[in-house]
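Pasting a structure here, questions to come.
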Number of protein chains: 2
Amino acid sequence: MFIMNKVYSLYESIQEKGYKLTEHRKTILDVLIENEDYLLEPSEIFEKILRKNKNINFSTIYRNLEIFVHSGIVRKINLDDGKSSYQIIFEDQHIHSMICKKCGRVEALKGCPFEKIDMKEIEKKGFRPDSHKFEIYGFCKECLSNKKC
Amino acid sequence: MFIMNKVYSLYESIQEKGYKLTEHRKTILDVLIENEDYLLEPSEIFEKILRKNKNINFSTIYRNLEIFVHSGIVRKINLDDGKSSYQIIFEDQHIHSMICKKCGRVEALKGCPFEKIDMKEIEKKGFRPDSHKFEIYGFCKECLSNKKC
DNA sequence: GTTCGTGCAAATCGTTTGCAGGAAT
DNA sequence: ATTCCTGCAAACGATTTGCACGAAC
């Protein structure tokens, strides 16, 4: 039961930050876990919870997603359309992704291009980097084979 | 007068797409050109136009920014706060940037990390890339020396 | 003269907030 | 018992839209 260990460790991260472990939080996490390879928008999370015959208010979803991000167990990505999407983080790895523009599927890339960057160029400009983003957008195998792309 | 050549070529790009060359469009472009090293939000563009003792409606600004992006002369970037920012593109170069989180200053990076990516990894997943994003966030020299970061 | 652009006001969309009652610790 | 969590409804900010008039081609 590897998966349960991973889930418990998510629960611990929440409690370590002083947040309570409520049923709603577990439900939202369930949805994120069941879609661990996908970026989900708050509205998609809402719908998937409905399909479980549960109902959680939008504001509760938003508030808890922020809490999860703050607890380091969820990643927030701002896509080009201006909407935010969320994805569970099982290990606290630093990753970059291939993101399917059709279905939101996310696949991890090995390595990080930032490590190959010429730091001298950045230092010369007097710039102090504190974060970076590298994302490849395109279409995943499944969406391509559906011939809808 | 290199700058004017560059400006005329922007005008041409607009007209080539079948859009009319209006005074408002020129004014918005002026502001983008005067801030070519910065990311500007629509509200900042609005204010800078006001300071020129001109007034352009917000909806006109939004509509024209979309048109400029569609004409390939303006770049749109979605920052983490969910707001959109815009920047003029003088040459249709493919660039990646260092972005100052305080003042919005943008400095170009040499090279592109995508070229160093192991394409075999992507092919193996059956993923078809169509675009990518590499951005370094941090603080620029000026903002650092203001000791406000 | 036709097509396209604009200002205005209202609508929309995603997201956030204040508050009063309810649940976790 | 205290602190935190939630639903609700309302507020919010950024962006978009319908429409009637005006400007570019």
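Every heavy atom of this structure was used, including side-chain atoms; hydrogens, water molecules and symmetry mates were not. Quick note on labels: first sequence line is chain A, next is B, and so on, each numbered from 1.
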Taking atom types as modelled, find out whether A:E36 and A:Y38 have a side-chain donor-acceptor pair closer than 3.5 angstrom.
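Per modelled atom types, A:E36 and A:Y38 side chains form no pair under 3.5 Å.
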
A:K26 NZ to D:dC5 P, straight-line distance once rounded to whole Å:
14 Å

Do A:F46 and A:E44 come close enough that some side-chain heavy atom pair is under 4.5 Å?
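Not touching, per the 4.5 Å side-chain cut-off.
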
OP1 or OP2 of C:dG14 versus the side-chain N and O atoms of A:S43: is any pair under 4.0 Å?
no

Determine: side-chain N/O of A:N64 to OP1/OP2 of D:dT6, distance under 4.0 Å, yes or no.
yes

Hey, does A:N55 reach any base, or is it just sugar-phosphate, or nothing, if we go heavy atoms under 4.0 Å?
sugar-phosphate

Starting from P on C:dG14, measure out to NZ on A:K76 and report it in whole angstrom.
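Taking atom P of C:dG14 as the reference, NZ of A:K76 is at 14 Å.
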
Is it the case that the side chains of A:H96 and A:H132 hold a donor-acceptor pair, with the cut-off being a distance below 3.5 Å and no angle test?
yes

How is B:Y19 classified with respect to the nucleic acid when contacts are heavy atoms under 4.0 Å: base, sugar-phosphate, or nothing?
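Sugar-phosphate contact only.
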
How many whole angstroms separate atom NZ of B:K17 from atom C1' of C:dT3?
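Result: 19 Å.
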
Whole-Å gap separating P (C:dT3) and NZ (B:K20)
10 Å

Are the side chains of A:R105 and A:C143 in touch, meaning some heavy atoms are under 4.5 Å apart?
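A side-chain contact is absent here, since even the closest heavy-atom pair is not under 4.5 Å.
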
Closest-nucleotide mapping onto DNA chain D: is B:E66 or B:L21 further toward the 5' terminus? I mean the 5' end.
B:E66

Measuring to OP1 and OP2 of C:dT6, would you say a side-chain N or O of B:S59 lies under 4.0 angstrom away?
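So the side chain of B:S59 is outside the cut-off, no N or O lying under 4.0 Å from OP1 or OP2 of C:dT6.
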
If I take atom CZ in residue A:F58 and atom P in nucleotide C:dC13, what distance separates them, rounded to the nearest angstrom?
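Nearest whole value for this atom pair: 12 Å.
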
Nearest to the side chain of B:T22, which nucleotide is it out of D:dC5, D:dA24, D:dC8?
D:dA24

Strictly below 4.0 Å: does B:H24 bring a side-chain N or O up to OP1 or OP2 of C:dG7?
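Yes.
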
Determine: side-chain N/O of B:R25 to OP1/OP2 of D:dA24, distance under 4.0 Å, yes or no.
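Answer is no, no contact under 4.0 Å.
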
Taking the nucleotide of DNA chain C with the nearest heavy atom to each, does B:T60 or A:Q15 sit closer to the 5' end?
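With B:T60 and A:Q15 compared, the 5'-side residue is B:T60.
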
Measure from CG on B:L65 to P on D:dT16 and round the result to the nearest Å.
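Atom CG in B:L65 sits about 10 Å away from atom P in D:dT16.
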
Rounded to whole Å, the CD1-P distance (A:I14 to D:dC4) equals 16 Å

Ignoring backbone atoms, test whether B:K83 places a side-chain nitrogen or oxygen under 4.0 Å from the OP1 or OP2 oxygen of D:dA14.
yes

Rounding to a whole Å, what distance do you find between A:Y62:OH and C:dC13:P?
13 Å

Under a 4.5 Å cut-off applied to non-hydrogen side-chain atoms, are A:K76 and A:L65 in contact?
no

